[in-house]
Amino acid sequence: MTKDVTILGLESSCDDTAAAVLRGRDILSSVVADQTDLHAAFGGVVPEIAARAHAEKLDLCVEQALERANLILPDIDAIAVTAGPGLIGGVLSGVMLAKGLSVATGKPLIGVNHLAGHALTPRLTDGIAYPYLILLVSGGHCQFLRVEGPTTFKRLGSTIDDAPGEAFDKTARLLGLSQPGGPSVEQRAKDGDETRFNFPRPLLDRPGCDLSFSGLKTALLRQRDTLISAQGGLSNQDVCDLCAGFQAAVRDVLAEKSRRALAESPDVQVFAVAGGVAANAALRRGLETVSDDHGVGFVAPPLQLCTDNAAIIAYAGGEKLRVDGPDDVSLIARPRWPLDLQAPALIGSGRKGAKA
Ligand code: KG4
Ligand code: ZN
């Protein structure tokens with residue numbers, strides 16, 4: 001794809017409805033309508049509510065994205081849409097709209113893997129070369145990927161249960177803090193003593209790069225209940241110390257597994273991180289230190305491009321178009337779509353949909 005190609009991107013795989021217009025690596029517009037309020041009462045994303053909201057909001061987002069880019073539909077060269085993995089109702093909404101737009105305008109249609117959108121973000125933001133290593137770390141995902149080309153990924157390891165964002169959210173819920181849990185836990189952890197409580201470092205005793213986070217939540221629940229039965233409640237300092245201990249455990253596990261993933265990929269020059277959890281300054285610092293120790297560059301894209309948005313989908317669409325050409329109207333919406341077809345299937349489905 002040459003620099004001047006203009007791509008309309010659509011994203012609706014989870015709880016953000018998004019449209020964006022990208023020209024080369026320039027983001028001309030990026031509109032994200034989040035659904036946090038719609039799901040707030042349910043403690044997680046409700047697929048039916050999400051799907052309906054996407055169907056209602058998508059064309060509005062497209063209109064806004066075009067308007068903000070100062071373009072009209074005929075100015076667009078191609079239409080990229082998340083075709084999976086994700087909550088199927090939402091993915092279907094996006095794919096159907098993209099097909100309609102493609103048929104109506106005669107512009108090429110590109111079905112994009114949502115995870116490829118995240119994995120290719122460091123190329124959009126920093127123009128880094130293949131191959132590189134990336135840690136995707138969000139409310140739905142946690143995996144190390146060696147990115148070798150626009151559609152060539154090797155998974156070096158992944159979570160065997162919860163994603164770290166889920167663990168942060170559950171921790172916040174157990175401690176009565178607000179959602180999303182990551183920022184609340186990070187805030188409290190700043191005033192906490194990470195050494196006061198003993199948190200496990202799951203899977204560090206096993207070789208390889210797989211991770212596990214569900215045990216941390218159980219450890220936190222136990223420490224919390226011990227305190228409550230001993231003192232009748234939790235002080236503010238208890239909450240801060242629990243947050244600090246939990247966050248330090250996540251930091252250490254991510255750092256050690258990153259060390260191993262880098263050791264398995266000695267030819268990469270860059271280690272990147274993407275996903276909502278990458279917003280956490282303590283975790284970022286841990287990963288940056290690992291990169292420095294290995295003598296590789298560290299890239300953490302700006303937060304608005306780390307979380308779900310359609311600019312990264314448009315970018316991944318352009319990259320895919322360049323190597324694989326366009327899709328056609330037989331494009332299907334896929335609830336599961338692993339990036340690395342050689343890697344064993346990921347088990348389970350999180351609060352935000354399938355893991356891959
Ligand atoms: O990538 P994202 O916006 O959405 C998906 O998961 O698709 O990630 C959201 C997750 C939530 O679980 C949230 O608690 C977590 O990222 N998060 C954080 C922080 N900010 C957001 N986790 C830890 N520390 C943070 N500062
Ligand atoms: Zn995502």
Side-chain angles (χ1 to χ4, degrees), residues 9-18 20 30 32-36 39-40 43-45 47 50 54 81-87 90-91 94 112-121 134-143 145 159 162-175 177-190 192 213 216-217 243-244 246-251 253-254 273-287 300-313 315-316 337 339 349-356:
L10 304 180
E11 158 61 36
S12 56
S13 63
C14 187
D15 55 350
D16 291 302
T17 314
S30 180
V32 181
D34 86 73
Q35 305 179 349
T36 313
H39 303 289
V45 178
H54 286 308
V81 61
T82 297
L87 299 172
V91 180
V112 173
N113 184 310
H114 177 85
L115 298 172
H118 284 305
L120 297 176
T121 307
I134 189 162
L135 168 62
L136 298 187
V137 68
S138 72
H141 302 287
C142 187
Q143 48 188 297
L145 291 166
T159 181
D162 291 352
E166 274 176 298
F168 269 95
D169 293 343
K170 283 177 190 164
T171 293
R173 217 166 290 132
L174 290 172
L175 297 176
L177 305 175
S178 61
Q179 295 293 322
S184 332
V185 172
E186 181 176 18
Q187 192 54 36
R188 295 303 185 100
K190 282 184 189 144
F213 297 96
L216 285 179
K217 162 200 74 191
C243 287
F246 164 82
Q247 183 175 275
V250 176
R251 177 200 63 206
V253 168
L254 289 178
V273 63
V277 179
N280 186 295
L283 302 186
R284 271 191 199 225
R285 271 199 303 278
L287 299 175
L303 190 60
Q304 72 273 20
L305 292 174
C306 269
T307 53
D308 287 352
N309 69 87
I312 61 171
I313 302 304
Y315 181 75
W337 187 359
L339 277 179
S349 181
R351 192 169 46 82
K352 295 186 161 190
K355 298 271 187 252

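Remember, it's 1-based here, ligands and their atoms both numbered in the order they're listed. Below, each value reflects all heavy atoms present in this structure, side chains not excepted, and no hydrogens, waters or symmetry copies.
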Q: As a test of reading the structure, name the N/O/S atom of His118 that is nearest the Zn ion (ligand 2).
A: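 Nearest N/O/S atom: NE2.
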Q: Mind listing the closest non-hydrogen atom pair of Leu115 and Gln143 along with its distance?
A: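 Leu115 and Gln143 have their closest heavy atoms at CD1-NE2, 3.8 Å.
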Q: Which atom names give the shortest non-hydrogen contact between Ala244 and Gly192, and what distance separates them?
A: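 Of all heavy-atom pairs spanning Ala244 and Gly192, the closest is CB-C, 3.7 Å.
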Q: So if I count the atoms of ligand 1 from 1 in the order they appear, which ones are less than 4.0 Å from some heavy atom of Glu186?
A: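 Within the 4.0 Å cut-off of Glu186, ligand 1 contributes 25 (C), 26 (N).
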Q: Any N or O on Gly140 sitting closer than 3.5 Å to an N or O of ligand 1?
A: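 Min N/O separation from ligand 1 is below 3.5 Å for Gly140.
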Q: Relative to the ring of His141, is the ring of His114 parallel (under 30°), tilted (30 to 60°) or perpendicular (over 60°)?
A: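 Rings of His114 and His141: tilted, 30 to 60°.
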Q: From atom 19 (C) of ligand 1, work out which of Ser13, Pro183, Gly139 has a heavy atom at the shortest distance.
A: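 Considering heavy atoms of Ser13, Pro183, Gly139, the nearest to atom 19 (C) of ligand 1 sits in Pro183.
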Q: Hey, which atoms in ligand 1 end up nearer than 4.0 Å to a heavy atom of Gly181?
A: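 Near Gly181, meaning under 4.0 Å from one of its heavy atoms, ligand 1 has 14 (O).
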Q: Given Thr171, which of Leu175, Asp169, Leu174 fulfils the side chain to side chain contact (heavy atoms under 4.5 Å, CB included) condition?
A: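 Of Leu175, Asp169, Leu174, side chain to side chain contact (heavy atoms under 4.5 Å, CB included) with Thr171 is met by Leu175 alone.
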Q: Heavy atoms only, cut-off 4.0 Å: how does Val277 contact ligand 1, side chain, backbone, both, or neither?
A: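 Both backbone and side chain.
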Q: Output yes when the distance from some N or O of ligand 1 to some N or O of Gly276 is under 3.5 Å, and no in every other case.
A: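 N/O-N/O distance below 3.5 Å exists for this pair.
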Q: Just to be sure I'm reading this right: ignoring hydrogens, which of Asp169, Leu283, Val185, Asp16 gets closest to atom 11 (C) of ligand 1? Compare them by their nearest heavy atoms.
A: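 Of the listed residues, Asp169 has the closest heavy atom.
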Q: Any N or O on Gly275 sitting closer than 3.5 Å to an N or O of ligand 1?
A: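 No, since none of the N or O atoms of Gly275 sits under 3.5 Å from an N or O of ligand 1.
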Q: Please find the pair of heavy atoms, one from Ala310 and one from Gly9, that lie closest to each other, and give the distance.
A: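 Heavy atoms only, the tightest pair is CB-O, 3.4 Å.
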Q: Quick check: do Phe213 and Leu254 have side-chain heavy atoms less than 4.5 Å from each other?
A: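 Yes, side chains in contact.
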Q: Quick one: does Gly165 get an N or O within less than 3.5 Å of an N or O on ligand 1?
A: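 Yes; the residue has a nitrogen or oxygen that sits under 3.5 Å from a nitrogen or oxygen of the ligand.
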Q: Okay, side chain of Glu186, backbone of Ala281: is any donor-acceptor separation there less than 3.5 Å?
A: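 Such a contact is found between Glu186 side chain and Ala281 backbone.
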Q: Is there an N/O/S atom in His114 that lies less than 2.8 Å from the Zn ion (ligand 2)?
A: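 Short answer: yes, at least one N, O or S atom is under the cut-off.
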Q: Ignoring hydrogens, what is the shortest heavy-atom contact between Leu177 and Ser184? Give both atom names and the distance.
A: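 Minimum heavy-atom separation between Leu177 and Ser184: CB-CB, 3.9 Å.
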Q: Can a donor-acceptor pair be found, under 3.5 Å and without considering hydrogens, that links the side chain of Asp34 to the backbone of Asp16?
A: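 No, Asp34 side chain to Asp16 backbone: no donor-acceptor pair under 3.5 Å.
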Q: Would Thr307 count as being in polar contact with ligand 1, using the rule that some N or O on each side must be under 3.5 angstrom apart?
A: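 Not met; the criterion fails.
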Q: Which N, O or S atom name in Asp308 marks its closest approach to the Zn ion (ligand 2)?
A: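 Answer by atom name: OD1.
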